[in-house]
Amino acid sequence: MANKEDVIDLAKKIVELDILRDQIYENFAEAAGARADELLRKVQNSQKVV
């Protein structure tokens with residue numbers, strides 16, 4: 001089991017990634033336009049799951 005500080009650090013990293021994801025999505029949605037969600041789903045579905 002990781003110590004408390006490591007767990008808190010991981011939680012902070014998850015929050016940072018979530019904020020970054022939102023920013024990237026906003027840029028993507030602006031660039032892709034009205035069909036952004038459809039395009040994102042197509043790309044997600046084409047990715048291999050490891």
Worksheet entry | side-chain contact (heavy atoms from CB on, under 4.5 Å) partners of Gln44, counting only residues at least two apart |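 By the side-chain contact (heavy atoms from CB on, under 4.5 Å) rule, Gln44 matches Leu40, Arg41.
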
To the nearest 0.5 Å, what is the distance between [atom1] on [X] and [atom2] on [Y]?
X: Asn3; Y: Ile8; atom1: CG; atom2: CD1; answer: 9.0 Å
X: Lys12; Y: Leu10; atom1: NZ; atom2: CG; answer: 11.5 Å
X: Gln23; Y: Asn27; atom1: CD; atom2: CG; answer: 8.0 Å

Fill in: Side-chain hydrophobic cluster, 4.5 Å single linkage: members besides Ile14
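For Ile14, no cluster forms, as it stays isolated from other hydrophobic side chains.
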
Worksheet, complete the sentence: Tested for side-chain contact (heavy atoms from CB on, under 4.5 Å) against Val15, the lone hit among Leu17, Ile19, Asp18 is Ile19

Worksheet entry | Within-4.5 Å side-chain heavy-atom neighbours: Gln47 and Val43 | yes

Donor-acceptor contacts under 3.5 Å from residues 31-39 side chains, at least two apart:
from  : atom 1 : to    : atom 2 : distance (Å)
Arg35 : NE     : Glu38 : OE1    : 3.1
Arg35 : NH2    : Glu38 : OE1    : 3.2
Arg35 : NH2    : Glu38 : OE2    : 2.7
Asp37 : OD1    : Tyr25 : OH     : 2.3

